[in-house]
Student: 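Below is a structure I'd like to ask you about.
Protein chains get the first letters and strands the later ones, always in sequence-line order, with residue 1 at the start of each. The model shown is predicted, which means the values in this text are computed figures rather than measured ones.
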2 protein chains.
Amino acid sequence: MTNVFKPIRPKKISEEIVTQIKVLISEGQLKPGERVPSERELAALLGVSRPSVREAIMVLEAMGLVESRQGGGTFVRSLTESTLADPLTSLVEKNPRMLHHLAEVRMGLETWSAYLAAQRATDEEIETLRKLVAEMERQAEDGGWDAEIDTRFHYAITTATHNTIQLHVLNTIQGLFHTTIMVALTEFYQKEGYIKMLLEHHRTIMERIAARDPDGARQAMAEHLELVRDKMQQLESDNQLLS
Amino acid sequence: MTNVFKPIRPKKISEEIVTQIKVLISEGQLKPGERVPSERELAALLGVSRPSVREAIMVLEAMGLVESRQGGGTFVRSLTESTLADPLTSLVEKNPRMLHHLAEVRMGLETWSAYLAAQRATDEEIETLRKLVAEMERQAEDGGWDAEIDTRFHYAITTATHNTIQLHVLNTIQGLFHTTIMVALTEFYQKEGYIKMLLEHHRTIMERIAARDPDGARQAMAEHLELVRDKMQQLESDNQLLS
DNA sequence: GCTAAAAACTGGTCATACCAATATTCCAGG
DNA sequence: CCTGGAATATTGGTATGACCAGTTTTTAGC
């Protein structure tokens, strides 16, 4: 008996205006680069006050749909990249210190995944992990490191928890991580010759899971991610030197 | 050689307010669920007019960082609410078996919180935990168990991690948990006389954190949540008999 | 002590005025 | 006729102030 009733909330009239203008833009009646009627004009047309129109336009501007210039007017932007990022992303991108927090949360989730996976992984799933490690070894011999394989390895572990929600949550965090720093991190690995160590880490994690040793798997995962965290911090301070 | 010159734009003061509040949220000075000062108050604090504050809040609301209710106030949302809670809610509602998964994810997050809190909790935060346990003891003497105090205890631990993202993620999961099963679980406790055991659990967790013993704190939290998980499973099978 | 009325916030809307930046118009000088 | 620049109109940005409509808190009465 949860949430049977919808949360009745009086819709603000500024929201109504927002949806109307969004429709106009998506229908092409307001084309990119075109001028939106002035705030006073809109207020008159819609029969509302200017502040209401103004709030609507602020929201549209925050969504990246329009752009206002004082004295100039309000213009429709190309909606090629008008996707409003989710709250977490917008904060992490702006504040590098958040990356450290993010890495830490990921650490908690992944160690937990390793722990659960060691309890429940099927033989088939363990075999998948084994193959991924073998693939890593093959690439490592050439001095290469494929972030794609790395990601698939961690994903496979969480799959082996047989917990849909864990998979979903970790996937969300992992996605953020990937879009923000993964690339730089991979380059860093290759340059600094950490590949052997990384390979060893992954092999140990795989073996602890295969041995059905939850605590060992968690420990191995923790050590691996501690390295990642430290290197990331190093990357951060390097970047600060540039700016 | 494009865009050598930056587009000179006079920064709107509402944008300035937006960034200020974003910083407060990302630094954890404004925690999820907390009230942000009223519009009039903010206007006075910042020395600007209310419309400016209002526009800033509209933008923040559009970004999903805060939520305003007329007459109520403006509240900080969990950053992961839109990305995690909504999809997960639909999952859990369709498949009650998911509750078990949800409890397990919470277990992973909370054990991690306990681990981190034992490393970083300030003396003041430890004192808060101690007071909460004392309050539990007082109520337990009358054979009562207050879910509110329980929740605040766990919340305080995650606050002591000093990790904003961990706080937001756990808050989202916790919220899901609360709306689905928390009430039934509390009744269950009271009937079955588990209160003494619960009290002991919480005291141990608090003591391990106070002793700066990360592994011990994690272990204590794990044992506590294992009990919760088992009792929940018991509840589920009972409910199945009814349906 | 508990309940219900009332008072005090708080966000939502509106009206108005003025400022600052930009567009537009228009006129004088080439 | 064109051209440059000043005067003018338009537009978004900010500030006051007022009132309404829900919430929350306090208070008064039973």
Student: In whole Å, I'd like the distance from the CD atom of Glu16(B) to the C1' atom of dT14(D).
Tutor: 15 Å
Student: Quickly work out the Glu15(A) CD to dG11(C) P distance and round it to whole Å.
Tutor: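 Between P of dG11(C) and CD of Glu15(A): 16 Å.
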Student: Within this structure, what is the CG-to-P distance between Leu42(B) and dA15(D), rounded to whole angstrom?
Tutor: 14 Å
Student: How is Ile13(B) classified with respect to the nucleic acid when contacts are heavy atoms under 4.0 Å: base, sugar-phosphate, or nothing?
Tutor: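 Since only primed, P, OP1 and OP2 atoms lie under 4.0 Å of Ile13(B), the category is sugar-phosphate.
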Student: If you check every side-chain atom of Glu41(B), which of dT13(C), dT10(C), dA15(D) has the closest atom?
Tutor: dT10(C)
Student: Is there a donor and acceptor pair, one atom on the side chain of Gln70(A) and one on the base of dG12(D), closer than 3.5 Å?
Tutor: yes
Student: Going by modelled atom types, is there a donor-acceptor pair between the base of dG12(D) and the side chain of Arg40(A) at under 3.5 Å?
Tutor: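 Per atom types, the contact qualifies.
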Student: Mind calculating the distance between CD1 (Ile57(B)) and P (dG11(C)) to the nearest angstrom?
Tutor: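 My rounded result for the distance is 6 Å.
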Student: Could one point to a donor on the side chain of Arg50(B) or the base of dG17(D) with an acceptor on the other under 3.5 Å away?
Tutor: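 Side chain to base: no pair below 3.5 Å.
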Student: Between Ser78(B) and Glu81(B), is there a donor-acceptor pair closer than 3.5 Å when you use the side chain of the first and the backbone of the second?
Tutor: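 Side chain of Ser78(B) to backbone of Glu81(B), a donor-acceptor pair under 3.5 Å: no, none is there.
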Student: Without swapping roles, check the side chain of Thr161(B) against the backbone of Ile157(B) for a donor-acceptor pair under 3.5 Å.
Tutor: no
Student: Would you kindly compare Ser52(B) and Thr74(A) by the position of their nearest DNA chain D nucleotide and give the one closer to the 5′ end?
Tutor: Thr74(A)
Student: May I ask you to decide if the ring planes of His201(B) and His224(B) are parallel, tilted or perpendicular, using 30° and 60° as cut-offs?
Tutor: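 The arrangement is perpendicular - the two ring planes meet at more than 60°.
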Student: Could you tell me whether Arg54(B) contacts a base, only the sugar-phosphate backbone, or nothing, with contacts defined as non-hydrogen atoms closer than 4.0 Å?
Tutor: base
Student: Over how many whole Å does the gap from Arg69(A) atom CZ to dT11(D) atom C1' extend?
Tutor: 11 Å
Student: Within this structure, what is the NZ-to-C1' distance between Lys12(B) and dC19(C), rounded to whole angstrom?
Tutor: 16 Å
Student: Checking contacts here: which listed nucleotide (dG12(C), dA15(D), dT11(D)) is nearest the side-chain heavy atoms of Ser68(B)?
Tutor: dG12(C)
Student: Do other residues, nucleotides or ligands put more than 12 heavy atoms under 6.0 Å from the OH atom of Tyr155(A)?
Tutor: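 12 or below, so no.
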Student: Report the nucleotide, chosen from dT10(C), dA15(C), dT13(C), that has the shortest atom-to-atom distance to any side-chain atom of Pro51(A).
Tutor: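 Looking only at heavy atoms from C-beta outward on Pro51(A), the closest nucleotide is dA15(C).
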